[in-house]
2 protein chains.
Amino acid sequence: MTTFDHSSTPAQSDLVELLHRRGQRSTPQRNVILRELRRRVRHATADEIRAAVRDELPGTSTPTVYATLDLLVELGLARRIDTGLGAALYDGRTDPHQHLVCRRCGRVDDLDVALDEAPFVTAAGANGFDAESVELLVCGLCSDCAPAALPSER
Amino acid sequence: MTTFDHSSTPAQSDLVELLHRRGQRSTPQRNVILRELRRRVRHATADEIRAAVRDELPGTSTPTVYATLDLLVELGLARRIDTGLGAALYDGRTDPHQHLVCRRCGRVDDLDVALDEAPFVTAAGANGFDAESVELLVCGLCSDCAPAALPSER
DNA sequence: ATTGGTGCAAATCCTTTGCAATAGC
DNA sequence: GCTATTGCAAAGGATTTGCACCAAT
């Protein structure tokens, strides 16, 4: 196999089964964090998720939010985007898409251009590397920042 | 234009001219850091570069190393790799190539598979985004970690 | 009852900032 | 001489750890 399963988004309720299959537990925190992540249009930082989750689960702690987001990524229900500009972003979309990263304001937008991952996964395998995912980032200046940038920074 | 200039690595001496053209100065720190970055086979963290540079320029400070590496990236003489696993890595190779990132040990290797950036750059432009570079990371387990990983973490 | 999960506080790690001193041009 | 660059120390921000308590199975 040279590609990944990119089937459609699992239902919210599937989280319970995914967890139980691994001997892990369904908790209010996990359910609410996944729901919150999916409700969002824009990508969110762990801290933004925590702020939002607090309406429903007031005591929710930062370490729990991080642990849960990492777990969701591991379960294939979320993606983590590391841009190197401030905090990592979490993305509830699980279907294949890429990201546009503005190096000036840090904004990250989705980019829906198909990427054929097969050659990369195959070449990785030839190096003894077990590929799990391919992330493509287009870095540059977003529509707000491009005009504002001085010639020297372009 | 829908692609970038990926011409061959500039000579060390060109750094001086690149800097002067921007009204910036050639300093021993900048020259030594670039030389060190290019000498390396494996990618290096800012701190590793600092440790290496200290042999030649004992006083070199952390902020200078970070500032210089950022400058080299801006000048197109280096790339910064943000994996989200520990410190950022700097890569002195300027010709097009991708990266393999082991999520377990953090090791990053080069992957020489051609990527056609054009469709991504074009689509970015259609969104009003001014693309400057495209980064592709293949995430997974390296040859050392894949056998060691427990079934549950694979 | 078991043991996985949570919250709290604190620690750690990476990177940037402020500022006075230095050194290219 | 002008001002970019440096080093130092310290701050800042993101994420993780240790541990006691709690709760899902």
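In what follows, every chain begins at residue 1, and chains take the letters A, B, ... in the order their sequences are listed. All values below were derived from every heavy atom in this structure, side-chain atoms included, with hydrogens, water molecules and symmetry-related copies excluded.
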Donor-acceptor pair, distance only, cut-off 3.5 Å: does the side chain of [X] make one with the backbone of [Y]?
X: B/E17; Y: B/D14; result: no
X: A/E56; Y: A/V53; result: no
X: B/R30; Y: B/R25; result: yes
X: B/N127; Y: B/F129; result: no
X: B/D82; Y: B/G84; result: no

Output the rounded distance in Å from [atom1] ([X]) to [atom2] ([N]).
X: A/L71; N: C/dT6; atom1: CG; atom2: C1'; result: 14 Å
X: B/I49; N: C/dC14; atom1: CD1; atom2: P; result: 15 Å
X: B/R22; N: D/dT3; atom1: CZ; atom2: P; result: 19 Å
X: A/N31; N: D/dA24; atom1: CG; atom2: P; result: 11 Å
X: B/L15; N: D/dT5; atom1: CG; atom2: P; result: 11 Å
X: B/Y66; N: D/dG7; atom1: OH; atom2: P; result: 15 Å
X: B/L85; N: D/dT15; atom1: CG; atom2: P; result: 12 Å
X: A/R50; N: C/dT6; atom1: CZ; atom2: P; result: 15 Å

>> For a 4.5 angstrom cut-off between non-hydrogen side-chain atoms, does A/Q24 reach A/L71?
In response: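 Heavy-atom side-chain distance check passes, below 4.5 Å.
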> Given side chains that start at C-beta, do those of A/L72 and A/L15 come closer than 4.5 Å, heavy atoms only?
Replying inline: yes
> Going by the ring-ring contact (aromatic ring centres under 6.0 Å, His included) test, which pairs reach into residues 19-43 of chain A, not counting sequence neighbours?
Replying inline: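 Those involving residues 19-43 of chain A are A/H43-A/H99.
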>> Just N and O in the side chain of A/Q29: are any of them under 4.0 Å from OP1 or OP2 of D/dA23?
In response: no
>> Based on the rotation axes of five pairs at each end, what angle does the helix from C/dA1-D/dT25 to C/dC25-D/dG1 bend through, to 10°?
In response: 40°
>> List the residues meeting salt bridge (Lys or Arg N to Asp or Glu O under 4.0 Å) with A/R40, not counting sequence neighbours, and say none if there are none.
In response: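 For A/R40, the residues satisfying salt bridge (Lys or Arg N to Asp or Glu O under 4.0 Å) (neighbours in sequence not counted) are A/E36.
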> Sequence neighbours excluded, which residues qualify as salt bridge (Lys or Arg N to Asp or Glu O under 4.0 Å) partners of B/R79?
Replying inline: B/E135
>> Count I, L, V, M, F, W, Y as connected when their side-chain heavy atoms are under 4.5 Å apart, and connections chain through other members. Are A/I81 and A/V134 then in the same cluster?
In response: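 No, no single cluster joins them.
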Regarding [X], tell me which of base, sugar-phosphate or nothing describes its non-hydrogen contacts under 4.0 Å with the strands shown.
X: B/A88; answer: sugar-phosphate
X: A/R80; answer: sugar-phosphate
X: B/A67; answer: nothing

> When you check every protein heavy atom under 4.0 Å of nucleotides 19-25 of chain C, what one-letter string (B, S, -) results, 5' to 3'?
Replying inline: ----BBS
> Of B/A46 and A/L19, whose nearest nucleotide on DNA chain C comes first from the 5' end?
Replying inline: A/L19
Would you tabulate the pairs of protein nitrogen or oxygen atoms and nucleotide nitrogen or oxygen atoms of nucleotides 8-13 of chain D closer than 3.5 angstrom?
none

>> Under a plain distance cut-off of 3.5 Å, with no hydrogens placed, do B/R50 and B/T60 share a side-chain donor-acceptor pair?
In response: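 Side chains of B/T60 and B/R50: no pair found under 3.5 Å.
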